[in-house]
Amino acid sequence: DSINGILSGSNQWLNIAMLIIALLRVYLEVVNFDFAELPVTRGMFKDKADAQKFHKQGFYLCLGYIVFSAPFTLFS
């Protein structure tokens, strides 16, 4: 049940899903996808430089998640 799933150790399927999402985010950065042109981003930020800085921080978070969680997820 869901309560035991929350109280137990980490959920491997959730870790795999988050790892796939992080890899997709890094891929989009590599192919130069312009995150600043997304409608939600345009609504949040008026200045394109602020939006790019915000998305660059998200890119670094995804890289950190991949570096620190991929070995534990893949070797478990």
Side-chain angles (χ1 to χ4, degrees):
D1 74 9
S2 62
I3 294 179
N4 287 334
I6 293 171
L7 297 177
S8 66
S10 66
N11 186 352
Q12 186 174 6
W13 290 109
L14 179 63
N15 288 340
I16 291 171
M18 294 293 290
L19 189 59
I20 290 170
I21 292 169
L23 287 170
L24 178 65
R25 171 66 174 88
V26 170
Y27 171 75
L28 288 174
E29 187 73 32
V30 168
V31 297
N32 291 326
F33 182 78
D34 191 11
F35 290 98
E37 293 299 320
L38 293 172
V40 173
T41 304
R42 282 187 280 159
M44 288 173 53
F45 301 100
K46 300 300 178 199
D47 186 23
K48 191 171 182 175
D50 289 339
Q52 289 173 340
K53 187 167 64 169
F54 174 77
H55 285 292
K56 188 62 74 174
Q57 290 174 349
F59 172 69
Y60 293 141
L61 285 173
C62 287
L63 282 179
Y65 186 81
I66 291 168
V67 167
F68 291 119
S69 73
F72 300 110
T73 301
L74 296 175
F75 293 128
S76 65

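Quick caveat, the model's predicted, so the values are computed rather than measured. Heads up: numbering here begins at 1 and tracks the sequence.
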Any residue meeting side chain to side chain donor-acceptor pair (under 3.5 Å) with E29, in chain and number order, not counting sequence neighbours: R25, K56
Hydrophobic cluster partners of I16 (side-chain heavy atoms under 4.5 Å): W13, I20
Sequence-distant partners of F54, ring pair (Phe, Tyr, Trp, His ring centres under 6.0 Å), two or more places apart: F45
Donor-acceptor pairs are to be reported for all side-chain atoms of residues 31-41 against protein atoms at under 3.5 Å, with residues two or more places apart or in another chain.
{"unit_1": "D34", "atom_1": "OD1", "unit_2": "A36", "atom_2": "N", "d": "3.3"}
{"unit_1": "E37", "atom_1": "OE2", "unit_2": "K48", "atom_2": "NZ", "d": "3.3"}
{"unit_1": "T41", "atom_1": "OG1", "unit_2": "F35", "atom_2": "O", "d": "3.2"}
{"unit_1": "T41", "atom_1": "OG1", "unit_2": "H55", "atom_2": "NE2", "d": "3.0"}

Residues clustered with V67, ILVMFWY side-chain links under 4.5 angstrom: F68
Side chain to side chain donor-acceptor pair (under 3.5 Å) against K53, all qualifying residues, sequence neighbours excluded: none
ILVMFWY cluster membership beyond V26 - transitive side-chain contacts under 4.5 angstrom: L14, M18, L19, L23, V30, F59, Y60, L63, Y65, I66
Sequence neighbours excluded, every pair satisfying salt bridge (Lys or Arg N to Asp or Glu O under 4.0 Å) that has a member inside residues 62-76: none
